[in-house]
Peer 1: 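Sharing a structure here in structure tokens format.
To find a chain, count down the sequence lines: A is the first, B the second, and so on, and within it residues start at 1.
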Amino acid sequence: MPTRSLEELAEYVGGRICGDPNVVIKSASTLGRAREGDISFLVNRKYQKQLRTTKASAVIVGKETADSSVPLLIAEDPYYAFMQIMVLLHGHRKHKKVGISQRASISDSAKVGADCHIHDFAVIADDARIGDGCVIYSGVYIGHGVQIGNDSIIYPNTTIYDGCRLGNRVIINANTTIGEDGFGYATYEGVHHKIPQIGGVIIEDDVEVGACCGIERGTLGDTVIGQGSKLGDLVTIGHGTKIGQYCLLVAQVGIAGSTTLGHHCVVGGQVGIVGHINIGHNVTIAAQAGVVNNIEDGQIVLGAPAIEANQGRRAYSMIQYLPEMRQSIRSLQNQIDQITTSPEEPDSEDLSEHNHEP
Amino acid sequence: MPTRSLEELAEYVGGRICGDPNVVIKSASTLGRAREGDISFLVNRKYQKQLRTTKASAVIVGKETADSSVPLLIAEDPYYAFMQIMVLLHGHRKHKKVGISQRASISDSAKVGADCHIHDFAVIADDARIGDGCVIYSGVYIGHGVQIGNDSIIYPNTTIYDGCRLGNRVIINANTTIGEDGFGYATYEGVHHKIPQIGGVIIEDDVEVGACCGIERGTLGDTVIGQGSKLGDLVTIGHGTKIGQYCLLVAQVGIAGSTTLGHHCVVGGQVGIVGHINIGHNVTIAAQAGVVNNIEDGQIVLGAPAIEANQGRRAYSMIQYLPEMRQSIRSLQNQIDQITTSPEEPDSEDLSEHNHEP
Amino acid sequence: MPTRSLEELAEYVGGRICGDPNVVIKSASTLGRAREGDISFLVNRKYQKQLRTTKASAVIVGKETADSSVPLLIAEDPYYAFMQIMVLLHGHRKHKKVGISQRASISDSAKVGADCHIHDFAVIADDARIGDGCVIYSGVYIGHGVQIGNDSIIYPNTTIYDGCRLGNRVIINANTTIGEDGFGYATYEGVHHKIPQIGGVIIEDDVEVGACCGIERGTLGDTVIGQGSKLGDLVTIGHGTKIGQYCLLVAQVGIAGSTTLGHHCVVGGQVGIVGHINIGHNVTIAAQAGVVNNIEDGQIVLGAPAIEANQGRRAYSMIQYLPEMRQSIRSLQNQIDQITTSPEEPDSEDLSEHNHEP
């Protein structure tokens, strides 16, 4: 593994150094686990204290601090600098150059580009077209007429149904399903009749999809995952839904059909979004929210039902006070009853409509 | 692809036409995306406006409207008519007739019916029995003694554990697991001891199961998915739970063990249902609800904890007013304190236990 | 199948008998489904009534009751006794002794221990090390350098990415993914850049993982599932998260990255836990809870946001009273307005801005 001086790394990411520029960096690690030769990073303030105790040889930070026992690499965007250094020191996963396995099943009518690596027991069905430089792992099923661009990676046991189209540099993690039929049935006299799902799925360039996801094909139009969007594990996207560019969908998100998300949306874990609504651009939806209405550009929402975040944070955190509030309301009523019966009208018979003990 | 006149389609679905009966229909599309030769449909009022702008050659609707620029096919149940026309024009997925692949692994003791298509790298273990006309895709694992009826389709990489029984015309989508052991452990002195799960899974006729689902086998009795029920993606059903006939379980539903659902229940996305309870017939459970108690026939519930829907819609939508309500309660207390100390008892010193500014 | 007398079973589990010790037991079943020769058990009081109607030949109970029509086996921990008897009578799943299939793909540099059974179309990549007595089912992918201990079982179509380490007696159910990249991106100028994930996954001894789970590898350190912990179906664990020993994570739990759980935690179905927090030992988290803060040892929490359970049960169950509470607050305000305007100022015209009937 190549080593770098802290100075070289600072130059590479356009940062500056506070401390010895000659320390040698071999690897990256967390503040808590780092040893000599490791570079670490500090983004989350929770870990600030560890700057004093870390055994790292250097730490990437956003701004100078006297609170450190080790050399600092100060970068404008420390997390981005950390990413750059991770790629420089470690690189992305290397894929074994297996070529086209004799134990893969590739249709004569399928076209596979140059420099592809198709592992044992992968299946590429009729009329599929795979671009150059793709890696198709074992157990992957590429259905009839599927198109995949260049430099895409499909991890083991992923299933891509007929006619789906994936772009360039797409990564699909293991055991994910793309293009299964949308959940579409017409119920007539109590029986659910399956509606043919003739739309497809389009996964644009630079998308990564997590493990065990399900992305339904559209009923009529296509389901679309926009360029550069990233989906976590166990995410499911309904038929005909369109995710804009550069969205982040964290694990276990579920979005029903025919909904549209704009670009640069961030959707927290376990969020549910109903069908047939519009989510604007740059929208942030907190984990576990339940979204049932359109959301305008730039909004931040939370809760189920989802409401504006500042209001929502206060509102949902007050649920714990409900017993106390209900008690207060009863107490107030009692106090009022006392006021209206005894002090103001000392001589009156019981004229009040409320029950009270005098 | 065959074309039909609008008149033919109207006759086929038992509807009537408002406009030119001779327009030629080749395909189906959404109101927004349709082009000449497409038929579209209007069910959701949200899209009503598009009747004026659609490029479709005809639209299926539930009732006549003057608001359309195109011929209308008026059907009693327009969504059902749309389904019928989709099947007529497009049909369901055609499966390549691959026969029994030499690259599949089929036990000598397994029985495979007539006109089955078993793809490369599918596995059919000892004593399994597959009916006629089934399609078993690549990477599917059919365990020991599994029974599957006629005309069922198992999509790639699905795993069916030993002894499960599937009926006729069952569809299991990709990467789904059926019959894994139920989550059953006896904890003794802090150690979780696995309980053998000797029940099975029964999937009745005409069930469709989505992608990446997990349907546990029962501990003692069977887990049952009733006839004609449809499960979305990433649904999980606990050990020994029984889903009645013609239920719809939307994506990411989770039902714990030993629970019973009646027939014709609709369970929204991400709903959670605890174990050992009874859900009646024709029950509707809104998305993300958390069900912890029995539900009677015909009820509609929502929320977590789930309550009756009309009450629930009002109640859960009021969470946003909690800060305001809490503030009001404080204000009321202050007002009462003022009443009880100043006007009625103008001469008194501060006898109240509450703080207040006179 | 071997039969046992009730006396033998009582001796085996250290219990005592109330009734005929000579009844012959062949199998186990539920109270409701049991027939002659079956033993059943009663743990959940809900089923107490069935003691009178069951057709079982004996029932395991925690304490004597006159309310039974059948012989009882009284055990200190009836569920544990039931587990022991299930293992005795039925045993755990028997795996066919297939040896090393010629149709599996095993790298020359991989090491497979004694008495392993590797099924057709399983893949074991370079430098992987499998201990003795393991069963690797069809379609399983064992990545480069993966290590698995002795007597572990990997069910069909599971994918284990490069470098993950599994202990002894580990069970991974079907279609699960272990070691996919963590959801880690550095967003710079609106583009999400993938961060190499150089940590691994460690699954300690005696862990069972359900079907269709996703356990991410760590960004820098390892993701750890502690000894004896059990995960249900469709669970996802974020990068670098550490689950302690003997935890139970029910189906569809999602835990984000860099969080720590202590030992003996119980996490209910569909719970979501944010990243970078600490959950203590012996913590219980009720189903569907949303955990956003650290939790101390021994706490029981529920709700979203999660709060202490006793308080939470009362608080969340009061959401249904919100409309009534809001109405009460309005009514109180009206009453106070009446008090402050009419009784004290009997001669005034209606100066109040509120409507009221005098």
Peer 1: Select, from A:Ala125, A:Gly221, A:Ser328, the one with the greatest count of heavy-atom pairs under 4.5 Å involving chain B.
Peer 2: A:Gly221
Peer 1: Is the side chain of B:Thr341 donor-acceptor paired with the backbone N or O of B:Asp337 at a distance under 3.5 Å, no angle test?
Peer 2: yes
Peer 1: At a heavy-atom separation under 4.5 Å, does A:Ala306 approach chain B through its side chain, its backbone, both, or neither?
Peer 2: neither
Peer 1: Work out which heavy atom in A:Val267 is nearest to a heavy atom in A:Ile273; give both atom names and the distance.
Peer 2: CG1-CD1, 4.4 Å
Peer 1: Suppose we screen for ring-ring contact (aromatic ring centres under 6.0 Å, His included). Which residues come up paired with B:Tyr47, at least two apart in sequence or across chains?
Peer 2: A:His276
Peer 1: So for B:Gln270, is it side chain, backbone, both, or neither that comes closer than 4.5 Å to the heavy atoms of chain A?
Peer 2: side chain
Peer 1: Between B:Arg93 and chain A, with a heavy-atom cut-off of 4.5 Å, which part of the residue counts as in contact: side chain, backbone, both or neither?
Peer 2: side chain
Peer 1: Who among A:Arg103, A:Glu180, A:His192 has the most heavy-atom pairs with chain B under 4.5 Å?
Peer 2: A:His192
Peer 1: Can a donor-acceptor pair be found between the side chains of A:Ser138 and A:Asp120 at a distance below 3.5 Å?
Peer 2: no
Peer 1: Identify which of A:Thr219, A:Asp181, A:Val292, A:Leu322 forms the greatest number of heavy-atom pairs closer than 4.5 Å to chain B.
Peer 2: A:Asp181
Peer 1: What part of B:Phe82 lies closer than 4.5 angstrom to a heavy atom of chain A: side chain, backbone, both or neither?
Peer 2: side chain
Peer 1: Any side-chain heavy atom of A:Thr236 within less than 4.5 Å of one from A:Ile215?
Peer 2: no
Peer 1: Is A:Glu324 salt-bridged to B:Arg326, cutoff N-O under 4.0 Å?
Peer 2: yes
Peer 1: Is it the side chain or the backbone of A:Ala104 that comes within 4.5 Å of chain B heavy atoms, both, or neither?
Peer 2: backbone
Peer 1: Looking at B:Lys96 and A:Asp126, is any side-chain nitrogen of the basic one under 4.0 Å from a carboxylate oxygen of the acidic one?
Peer 2: yes
Peer 1: When heavy-atom pairs shorter than 4.5 Å are enumerated against chain A, which of B:Asp206, B:Thr176, B:Asn44, B:Asn282 gives the highest number?
Peer 2: B:Asn44
Peer 1: Return the option, out of A:Tyr141, A:Phe121, A:Tyr161, with the maximum number of heavy-atom pairs under 4.5 Å with chain B.
Peer 2: A:Tyr161
Peer 1: By a 4.5 Å heavy-atom criterion (distance strictly below it), what part of B:Leu249 contacts chain A: side chain, backbone, both, or neither?
Peer 2: backbone
Peer 1: So which part of A:Leu234 gets closer than 4.5 Å to some heavy atom of chain B, the side chain, the backbone, both or neither?
Peer 2: both
Peer 1: Answer with side chain, backbone, both or neither: which region of B:Cys247 has an atom nearer than 4.5 Å to a non-hydrogen atom of chain A?
Peer 2: backbone
Peer 1: Is there a donor-acceptor pair under 3.5 Å between the side chain of B:His117 and the backbone N or O of B:Val98?
Peer 2: yes
Peer 1: Going by the rule ring-ring contact (aromatic ring centres under 6.0 Å, His included), which residues pair with A:His193 if we only count those two or more places apart in sequence or in a different chain?
Peer 2: B:Tyr80
Peer 1: What residue, out of A:Ala304, A:Ser331, A:Gly254, A:Gly303, has the most heavy-atom pairs lying under 4.5 Å from chain B?
Peer 2: A:Gly254
Peer 1: Is chain A contacted by the side chain of B:Leu231, its backbone, both, or neither, given a heavy-atom distance below 4.5 Å?
Peer 2: backbone
Peer 1: Does this structure show an ion pair linking A:Asp222 with A:Arg217, if we count only N-O contacts that are shorter than 4.0 Å?
Peer 2: no
Peer 1: Could you tell me which of B:Val43, B:Leu248, B:Asp38, B:Asp77 has the largest number of non-hydrogen atom pairs under 4.5 Å with chain A?
Peer 2: B:Leu248
Peer 1: What option among B:Glu208, B:Arg33, B:His119 has the most heavy-atom pairs under 4.5 Å with chain A?
Peer 2: B:Glu208
Peer 1: When only pairs under 4.5 Å are counted, which of B:Asp233, B:Leu332, B:Ile171 shares the most heavy-atom pairs with chain A?
Peer 2: B:Asp233
Peer 1: If you count the non-hydrogen atoms of other residues, nucleotides and ligands that lie under 6.0 Å from OH in A:Tyr321, is the total more than 12?
Peer 2: no
Peer 1: Side chain, backbone, both or neither: which part of B:Ala287 has an atom under 4.5 Å from a heavy atom of chain A?
Peer 2: neither
Peer 1: When you look at CD of B:Gln48, are more than 12 heavy atoms from neighbouring residues, nucleotides or ligands closer to it than 6.0 Å?
Peer 2: yes
Peer 1: When rounded to the nearest 0.5 angstrom, what is the spacing between CG in B:Leu89 and CD1 in B:Ile39?
Peer 2: 7.5 Å
Peer 1: Just so I understand: if I count every heavy-atom pair under 4.5 Å between each of B:Gly139, B:Ala211, B:Pro156 and chain A, which residue has the most?
Peer 2: B:Pro156
Peer 1: Counting only heavy atoms closer than 4.5 Å, note whether B:Lys230 contacts chain A via side chain, backbone, both or neither.
Peer 2: both
